[in-house]
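So the structure is just underneath, and the comments pick up after that.
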Amino acid sequence: MSENTIKSTALKYALQNAVQFNGKANPKAVIGKVIGLCKKDGINPKEVIPVVNSTIQEVNSLSLEEQQKQLEDLAPELLIKEKKQRDFSLPPLPKATQGEVVTRFPPEPNGFLHIGHAKAALIDYEYARMYDGKFILRFDDTNPEKEDEKFYQAQKDDLRWLGIEWDEEYCTSDHIPRHYELAEKLIKEGNAYVCLCKSEDIKTQRYTGQSCPCTTKMPDEHLKVWKQMLDGSTNAILRLRADMKSDNTAMRDPTLFRIIEKPHPRTGTTYRVWPTYDFTGAVEDSIGGVTHPFRTKEYELRDEVYFYLLSLLELRHPHLMEFARLNIKSMPVSKRKIKPLIDEGVVEGFSDFRLPTLQGLKRRGITPQGIKAFVFQQGISKVESTVDFSIVEACNRKALDPVAKRYFFVADPIKLTVSDAPPQIAQLKLHPTEDFGVRAIQTQGEFYISSDDAAQLKVGDTFRLKELYNVIVDSVTEKEITGHYGGEELIQQTSKIQWTTSSDYVSLTVLISGPLLDENGDYNPESLKEIKGYAEPTISSLSEGEIIQFERFGFVRLEKKDGVLQAIFAHK
Ligand code: ATP
Ligand code: MG
């Protein structure tokens, strides 16, 4: 790359950054980007910085309109991309500098991700992008009791499905030696102690605010027993010396390390002493360079521990942020609640479409776009609430409506015979407003319509078979309806009914999810329903995974079970 190419690259990104941030490009953000690109060509970053600085001066002296115009001429793709990236808006972060914001998503690899995780991950990710910063995926894998190898990859797949990419990925279990060093520092300075009490006694101490008898020993002794914890000869925990009299019970000498003998999915039996959430959360955010870590509000009481611990360790304090945990009515938005349902076998597995796991939602036809719109509509409020799943559905409907093709489905079919009907080839539009084309269906005069529609018909009524002709009802029984041809002219206010022909249709079962949990949070055995019916034959040429709308019935996602097509109901 010559100086000229450095210059033109710098110009493009300076313009892009300026346009994005009200006319003023930020040198750090632009330098970072240009150095990144130049490194690939083996250019020394030192050559880049002066060029970028002078370019930024030029760009910042232009008006926003001039900047936009130049960017459009030079690199329109950057303009379009930026526009696209700003689909969602979040309020500005406090104490944030463009180019320097670092966020992280810290899942524990002990289950599949659900829509609550999607909320956390999307907010973390969007903020990093909004500030041209860095987004870290950190597996907080410090409890081998519950973690499993398969979840690392599964969680990454779930995140990618949401459209999330990360700039850095690591596992907290890679940092255990560093954690041990920090623990030793705490012990040596008298800020942590090994506790040999029984867990009931620790509970009582915490309840009554009494200090632990183990605290009377000197740091040297604690250090000795700590080493024994590490080499396997003692069973104990390491506690933070905080304040047993604190009004905040989280501060009553919380546990920092405990022994877990079960082999770890990544490190096997190398370690038996594992840090707790209080320790890892604070330490990893700090040493990982995270500037704006988000936690759910349920951890609010633990914030004091977080900062107290970092002060004792003389580590940088990140700007800790909070939002409300996502709760959805009648749904278990928590791995802890999902797992027993799977273990008891009442749901089919983690991808059961009644579950709010990302895999379950995907099967149900809920799209990443729908989930994103929902998450950003909820925003980062701290007010705890339980939302109705219909809000997710509404967001998803908006995403699907312009793209889902329309087809006919007849639930609980009833035969309809139209005497003297002219044979016709119906041309049915695949979408009412978008130009997706048509499908053609040959009709003779014998049809199926849904029993719900049939139930509304009386002798003498006129109705219209959608996109075909009018029918005047001659007879109605429970099993069959007959009528005669009533012309093709559109008559206002007649009902338009979806149909299939009697000779050409596909039998289809539609699975429908009801509320998975009852008012007490227990499994609702009525949560799985199915409707059988006939769909138009075109359906069999669609691919598995396609999300379509059955007109006047709802959006469904098609899948195959044992080679047979079935549909899962998403929503109206
Ligand atoms: P679970 O109860 O599902 O096990 P968790 O918090 O233990 O929840 P983690 O894998 O530790 O699960 O969570 C990773 C991140 O996702 C955390 O920052 C956590 O706060 C966030 N998170 C988890 N569940 C929700 C939720 N329902 N709403 C919002 N954020 C959530
Ligand atoms: Mg957890």
Side-chain angles (χ1 to χ4, degrees), residues 90 102-128 135-148 150-156 158-159 162 164 166 169-173 265 274-282 284-285 288 290 292-303 306 318 320-343 350 355-361 371-372 374-387 389 391-392 517 521:
L90 287 167
V102 181
T103 61
R104 52 82 182 124
F105 175 61
E108 187 181 357
N110 64 349
F112 293 90
L113 299 186
H114 51 63
I115 192 169
H117 294 116
K119 170 177 176 175
L122 283 166
I123 289 173
D124 294 328
Y125 172 66
E126 264 320 294
Y127 267 128
F135 173 63
I136 302 173
L137 171 61
R138 176 179 93 213
F139 288 106
D140 261 348
D141 53 349
T142 58
N143 183 0
E145 205 71 71
K146 297 197 196 136
E147 291 148 13
D148 194 290
K150 66 173 184 248
F151 293 126
Y152 293 84
Q153 190 56 45
Q155 294 186 341
K156 289 203 278 186
D158 283 345
L159 290 174
L162 281 175
I164 291 179
W166 41 98
E169 173 190 330
Y170 76 92
C171 297
T172 302
S173 60
W274 290 97
T276 58
Y277 178 81
D278 277 328
F279 188 89
T280 17
E284 285 303 322
D285 284 350
V290 181
H292 293 76
F294 274 92
R295 305 214 281 196
T296 44
K297 197 167 166 280
E298 47 180 337
Y299 294 115
E300 208 173 20
L301 286 181
R302 312 216 75 86
D303 292 357
Y306 185 101
L320 194 56
M321 306 273 298
E322 258 144 15
F323 55 70
R325 195 182 166 87
L326 174 66
N327 301 306
I328 299 180
K329 196 169 162 243
S330 312
M331 274 196 175
V333 191
S334 160
K335 282 177 289 191
R336 259 159 294 181
K337 294 181 189 157
I338 293 171
K339 197 165 175 294
L341 297 169
I342 297 174
D343 292 345
F350 60 87
L355 287 173
T357 52
L358 295 182
Q359 308 247 6
L361 293 172
I371 294 174
K372 280 185 213 172
F374 166 74
V375 164
F376 292 107
Q377 189 189 85
Q378 299 291 305
I380 56 164
S381 155
K382 289 194 204 176
V383 184
E384 293 282 348
S385 65
T386 298
V387 300
F389 192 70
I391 303 180
V392 179
L517 304 177

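Note that these values count all heavy atoms, side chains included, but never hydrogens, waters or copies made by symmetry. What you see is a predicted model, and the numbers here were worked out from it, not measured in a lab. Counting starts at 1 for both ligands and their atoms, following the listed order.
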N/O to N/O below 3.5 Å, does that happen between R295 and ligand 1? no
Just so I know, are the side chains of P109 and K146 near enough to count as touching, which here means a heavy-atom distance under 4.5 Å? no
Nearest option to atom 13 (O) of ligand 1, as decided by whichever heavy atom of H117, K337, R104, K119 sits closest: H117
Which atoms of ligand 1 sit under 4.0 Å from any heavy atom of V333? 27 (N)
Could you check R104 against W166 for side chain to side chain contact (heavy atoms under 4.5 Å, CB included), going step by step and ending with a plain yes or no? CA-CA 9 Å; R104 52 82 182 124; W166 41 98; over 6 Å; no
Considering both backbone and side-chain atoms of N110, is one of its nitrogen or oxygen atoms within less than 3.5 Å of a nitrogen or oxygen in ligand 1? no
So for H114, does at least one of its heavy atoms come nearer than 4.0 angstrom to any atom of ligand 1? yes
With heavy atoms of T296 as the reference, note each atom of ligand 1 found under 4.0 Å away. 20 (O), 29 (C), 30 (N), 31 (C)
Is the shortest N/O to N/O distance between E108 and ligand 1 below 3.5 Å? yes
Per-atom filter on ligand 1: closer than 4.0 angstrom to a heavy atom of G116 are 25 (C), 26 (C), 27 (N), 28 (N), 29 (C), 30 (N), 31 (C)
S381 side chain vs V383 backbone, donor-acceptor pair below 3.5 Å: yes
Test ring pair (Phe, Tyr, Trp, His ring centres under 6.0 Å) applied to F151 - qualifying residues, sequence neighbours left out: F112
Taking it one step at a time, do K335 and E108 satisfy side chain to side chain contact (heavy atoms under 4.5 Å, CB included)? CA-CA 10 Å; K335 282 177 289 191; E108 187 181 357; 4.1 Å; yes
Geometric N/O contact R325 with ligand 1, under 3.5 angstrom: yes
The reported gap from CD1 in I380 to NZ in K297 (rounded to nearest 0.5 angstrom) is 14.0 Å
Determine all donor-acceptor pairs shorter than 3.5 Å in which one atom belongs to a side chain in residues 135-144; sequence neighbours excluded.
from, atom 1, to, atom 2, distance (Å)
R138, NE, D140, OD1, 3.1
R138, NH1, D285, OD1, 2.7
R138, NH2, D140, OD2, 3.1
R138, NH2, D285, OD1, 3.4
D140, OD1, T172, OG1, 2.6
D141, OD1, T172, N, 3.3
D141, OD1, S173, N, 2.8
D141, OD1, S173, OG, 3.3
D141, OD2, Y152, OH, 2.7
D141, OD2, S173, OG, 2.7
T142, OG1, P275, O, 3.4
N143, OD1, E145, N, 3.2

Among side-chain atoms of T296 and E298, is any donor-acceptor pair under 3.5 angstrom? yes
Are any of the N/O atoms in S334 less than 3.5 Å from those in ligand 1? yes
N/O separation below 3.5 Å, F105 to ligand 1: no
